[in-house]
Structure formats: structure tokens, C-alpha cells
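Just so it is clear, the values below take in all heavy atoms, side chains as well, and ignore hydrogens, waters and symmetry mates. In what follows, chains are A, B, ... by sequence order, proteins preceding strands, each numbered from 1. The shown structure was predicted, so the numbers you read here are calculated from the model rather than taken from an experiment.
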Amino acid sequence: MPRRADPGEPRVVGPGFHARVFAVVRRVPAGHVTTYGQVAAALGSARVARQVGFAMAGACHADEYVPWHRVVNAKGAVSTRSGGDGAEDQRELLEAEGVEFSASGRVDLNRYRWVFPE
DNA sequence: CCTGTGACCGAAG
DNA sequence: TCTTCGGCCACAG
């Protein structure tokens, strides 16, 4: 499957993208995780996974509550950002919700991945 | 308006 | 299983 979108594929990403990301992430219940790509797909464009991650950075100091720690990458690992710190906090928060990590520091997506209801 | 910048993703080696 | 590489697109300055 091609990484590039077909020419005719519409861009469903509209203005206020970050706000949309927050709304989606808020629908993930405790004890479950989702991936950046999955959130992007829920927004209509699977190719904006990167922007989803970028939005989470803002979610940290956002006034509204956003369970940013429940978003991991496609491999089930906690992504490390420029700061480096915070990734450990994310793992702690998830473990507090009952999410187990493997020896290689990854979660079993087949088990914890949250599927958004239609 | 133009440019730089990523908490990503999938394929290939 | 790990590393490298190219492409993607919203947002800030």
C-alpha cells in the first residue's frame, strides 16, 4: 500500500487541528492506549500522525485535560521528544492505569489498543 | 507568503 | 529486531 495519498483523496483536515486531536484523545479510556497514526486516521487523514504528536506537546500545558500519556507510537513504544524527560512520566501514568510494558519497553497493542466506536 | 520544524510511519537493508 | 531514509502536513515566526 502506497505511502502517498491518491491524487483524488480529499484532505479532511480542517482548521483547529489541534483541538480536534484533543477531542479524539479524550475519548480514550484509562487502561487503554492509541497510536498517533490511529488518531490521525480518526481525524480523516492517516498522514498527519506527525502533527498529532506535535499537538500532544501543546496538550501538556493545555488548560483542558488531555490524556496525552495514552498515545504511543505504532510500535507500542513511548516516543522520546527533544527534552528527553516526560517519557518516563508517560510510562508511569500508563502503568498506574494497569497497562503493562514488555521487557523492551513496549505495550502490546493487540491487547491495549483502543478502537474508537463509530 | 515563505521557511523551518518535528512526541510519526512504513519499507528496505 | 535494529537502523536508516524519504515523505507527509499543520503551525509558528
Practice prompt. Write down the distance between NZ (A:Lys75) and C1' (B:dA11), rounded to a whole number of angstrom.
Written response: 11 Å
Worksheet item: A:Trp68 has an atom CH2; how far is it from atom C1' of B:dC8, in whole Å?
Response: 17 Å
Worksheet item: Residues two or more places apart in sequence or in another chain: which of them pass side-chain contact (heavy atoms from CB on, under 4.5 Å) with A:Gln38?
Response: A:Thr34, A:Thr35, A:Arg113, A:Phe116
Worksheet entry | N or O in side chain of A:Thr80 less than 4.0 angstrom from B:dA7 OP1/OP2 | no
Fill in: Interface with DNA chain B, restricted to residues 111-118 of chain A and to heavy atoms under 4.0 Å
none
Discussion item. Can you confirm whether A:Phe54 is buried at CZ, in the sense that more than 12 heavy atoms of other residues, nucleotides or ligands lie under 6.0 Å from that atom?
Written reply: no
Discussion item. My understanding is that only residues two or more places apart in sequence, or in another chain, count here; which of them pass ring pair (Phe, Tyr, Trp, His ring centres under 6.0 Å) with A:His32?
Written reply: A:Trp114
Fill in: Interatomic distance, A:Leu43 CG vs B:dC9 P [rounded to whole Å]
14 Å
Practice prompt. Can you sort out the partners of A:Arg111 under salt bridge (Lys or Arg N to Asp or Glu O under 4.0 Å), two or more places apart, ordered by chain and number?
Written response: A:Glu100
Discussion item. Can you measure A:Asn73 atom CG to C:dC2 atom P for me and round it to whole angstrom units?
Written reply: 12 Å
Practice prompt. Return the set of residues passing salt bridge (Lys or Arg N to Asp or Glu O under 4.0 Å) with A:Arg50 (not counting sequence neighbours), or none when no residue passes.
Written response: none
Fill in: Nearest-angstrom distance from the residue atom NE2 of A:His18 to C1' of B:dA7
12 Å
Worksheet item: Residues in side-chain contact (heavy atoms from CB on, under 4.5 Å) with A:Ala30, at least two apart?
Response: A:Arg70, A:Glu97
Worksheet item: Does any residue of residues 50-64 of chain A have a heavy atom under 4.0 Å from DNA chain B, and if so, which ones, in number order?
Response: A:Arg50, A:Gln51, A:Gly53, A:Met56, A:Ala57, A:Cys60
Worksheet item: Looking at CZ of A:Phe101 and CG of A:Leu94, how far apart are the two atoms once the value is rounded to the nearest 0.5 Å?
Response: 4.5 Å
Item to complete: Could you check how far CZ of A:Arg106 sits from C1' of B:dC8, rounded to whole Å?
Response: 15 Å
Worksheet item: For A:Gln38 and B:dA7, what is the distance between atoms CD and C1' respectively, to the nearest whole Å?
Response: 16 Å
Discussion item. Rounded to whole Å, how long is the line connecting atom CZ of A:Arg81 with atom C1' of B:dA7?
Written reply: 6 Å
Fill in: All side-chain contact (heavy atoms from CB on, under 4.5 Å) counterparts of A:Ala96, not counting sequence neighbours
none
Worksheet item: Who are the side-chain contact (heavy atoms from CB on, under 4.5 Å) partners of A:Ala57, not counting sequence neighbours?
Response: none
